[in-house]
Amino acid sequence: MSSNCIEQVPIFSSLSSAEMLEVARITQERTFVKGELIYSAGDKREALFVIHKGQVKISRLSDTGKEQVIRVLGPGDFMGELALFSHSLMTDNAQALEDCTMCVIEGPRLMELMRKYPTIALKVMEELSQRLERAENLIEDISLHSAERRLAKTLLDLSKETGEVQLTLTKGDFASQIGMTQETLSRKLSAFEEGGLIRQVGHRRIVVLNREGLEDLGMD
């Protein structure tokens, strides 16, 4: 297959064109339709999944069946790496949020690449470190800060470029990702709207009207 898929992946960014073609030769292309499970917790799947097109939701289920959204991945992101290093069963569920194209590299072949090109292993470690930092920050926010502060900070971050938020997740998944229930999210969004901070347009678009007001809430 072509090297287009891996060219946009940060962990391969230090490779030359010839080396990228070498990676492409051991890569398989897979497609998944919207809503399809790519893998589930408990699966035995030692492979690296690289997203070429589309978005994927990574989540876990509690013993009571409550879903916790961990992160949403897009083109250039990868998943499945933990099972490669620990040889354990998958602990997360990966579901396509829209039609997706994946580039899949089987574990043994990826390990050979890492031994040949140590920079790939370093890039994987760098990404895992960043994910750990984000998870620790979320735990801190949930433990120490109010739902208003978490929501205000999230809206500010997501609207930084355009002044509005276009959710790719359902409201329930969005709420789970920032550590609150959907009911709490709905109440807080309504309160923000009544206070003139935001305007909700449909189910998934949120226009920020007063950034300074949100910043004040985000500093509580």
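Proximity of L214 to F192: side-chain heavy atoms (C-beta onward) are separated by under 4.5 Å at one or more points. Side chains of I105 and I26 form a contact here, defined as non-hydrogen atoms less than 4.5 Å apart. Under the 4.5 Å side-chain criterion, counting only non-hydrogen atoms from C-beta, E36 is in contact with V33. Two residues are said to be in side-chain contact when any heavy atoms from C-beta on lie closer than 4.5 Å; L169 and V72 meet this criterion. With contacts defined as side-chain heavy-atom distances shorter than 4.5 Å, the pair L48/L110 qualifies.
Residues satisfying the side-chain contact (heavy atoms from CB on, under 4.5 Å) test with K66, not counting sequence neighbours, are S62, T64. Residues that satisfy the side-chain hydrogen bond (donor to acceptor under 3.5 Å, both in side chains) test with S176, not counting sequence neighbours, are absent from this structure. In terms of the side-chain hydrogen bond (donor to acceptor under 3.5 Å, both in side chains) criterion, T154 has no residue partners (sequence neighbours excluded). When the ring pair (Phe, Tyr, Trp, His ring centres under 6.0 Å) test is applied to Y39, the partners found at least two apart in sequence or on another chain are F49. For E194, there are no side-chain contact (heavy atoms from CB on, under 4.5 Å) partners at least two apart in sequence or on another chain. Applying the side-chain contact (heavy atoms from CB on, under 4.5 Å) criterion to R205, with sequence neighbours excluded, gives E164, Q166, V201, V207. Take R211 and apply the side-chain hydrogen bond (donor to acceptor under 3.5 Å, both in side chains) test, not counting sequence neighbours, and it matches S159. Looking at residues two or more places apart in sequence or on another chain, you find no side-chain contact (heavy atoms from CB on, under 4.5 Å) involving S129. Residues forming a side-chain hydrogen bond (donor to acceptor under 3.5 Å, both in side chains) with D92 (at least two apart in sequence, or on another chain): R60.
Closest non-hydrogen pair, L217 versus A152, comes out as CB-CB, 3.9 Å. Nearest heavy atoms, S59 versus V69: CB-CA, 4.1 Å. When all heavy atoms of R150 and G179 are compared, the pair lying nearest together is NH2-O, 2.7 Å.
With hydrophobic clusters built from ILVMFWY side chains whose heavy atoms lie under 4.5 angstrom apart, L167 shares a cluster with V208. L151 and L209 end up in different hydrophobic clusters when Ile, Leu, Val, Met, Phe, Trp and Tyr side chains are linked at under 4.5 Å. Hydrophobic cluster membership is shared by L128 and Y117, with clusters built from Ile, Leu, Val, Met, Phe, Trp and Tyr side chains linked at under 4.5 angstrom.
For the atom pair L73 CG and I58 CD1, the distance stands at 5.0 Å (nearest 0.5 Å). Separating the CG atom in L158 from the CZ atom in F174 is a distance of 5.5 Å, to the nearest 0.5 Å. Between the CG atom in N93 and the CD1 atom in I70 there is a gap of 8.5 Å [rounded to 0.5 Å]. Rounded to the nearest 0.5 angstrom, I206 CD1 and L155 CG are separated by 5.5 Å. In this structure, the separation between CD1 on I198 and CD on E193 is 5.5 Å, given to the nearest 0.5 Å. Between the CG atom in D77 and the CD1 atom in I51 there is a gap of 5.5 Å [rounded to 0.5 Å].
Pairs of residues two or more places apart, or lying in two chains, that qualify as salt bridge (Lys or Arg N to Asp or Glu O under 4.0 Å) and include a residue from residues 106-123 are E22-K116, R45-E106. Listed by first and then second residue, the salt bridge (Lys or Arg N to Asp or Glu O under 4.0 Å) pairs involving residues 165-188 are K57-D173, E148-K188 (not counting sequence neighbours).
Applying the 6.0 Å contact sphere to CZ of R204 captures more than 12 heavy atoms from other residues, nucleotides or ligands. Heavy-atom contacts from other residues, nucleotides or ligands closer than 6.0 Å to CD of E212 number 12 or fewer.
Side chain of D43 to main chain of S40: a donor-acceptor pair is present (N/O by atom type, distance under 3.5 Å, no hydrogens or angles). Between the S190 side chain and the S186 main chain, a donor and an acceptor come within less than 3.5 Å of each other.
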Donor-acceptor pairs under 3.5 angstrom involving side-chain atoms of residues 94-103: please list them, not counting sequence neighbours.
from : atom 1 : to  : atom 2 : distance (Å)
Q95  : NE2    : G35 : O      : 3.0
D99  : OD1    : K34 : N      : 2.8

Criterion side-chain contact (heavy atoms from CB on, under 4.5 Å) on V104 and V50, from CA distance to verdict = CA-CA 6 Å; V104 184; V50 178; over 6 Å; no
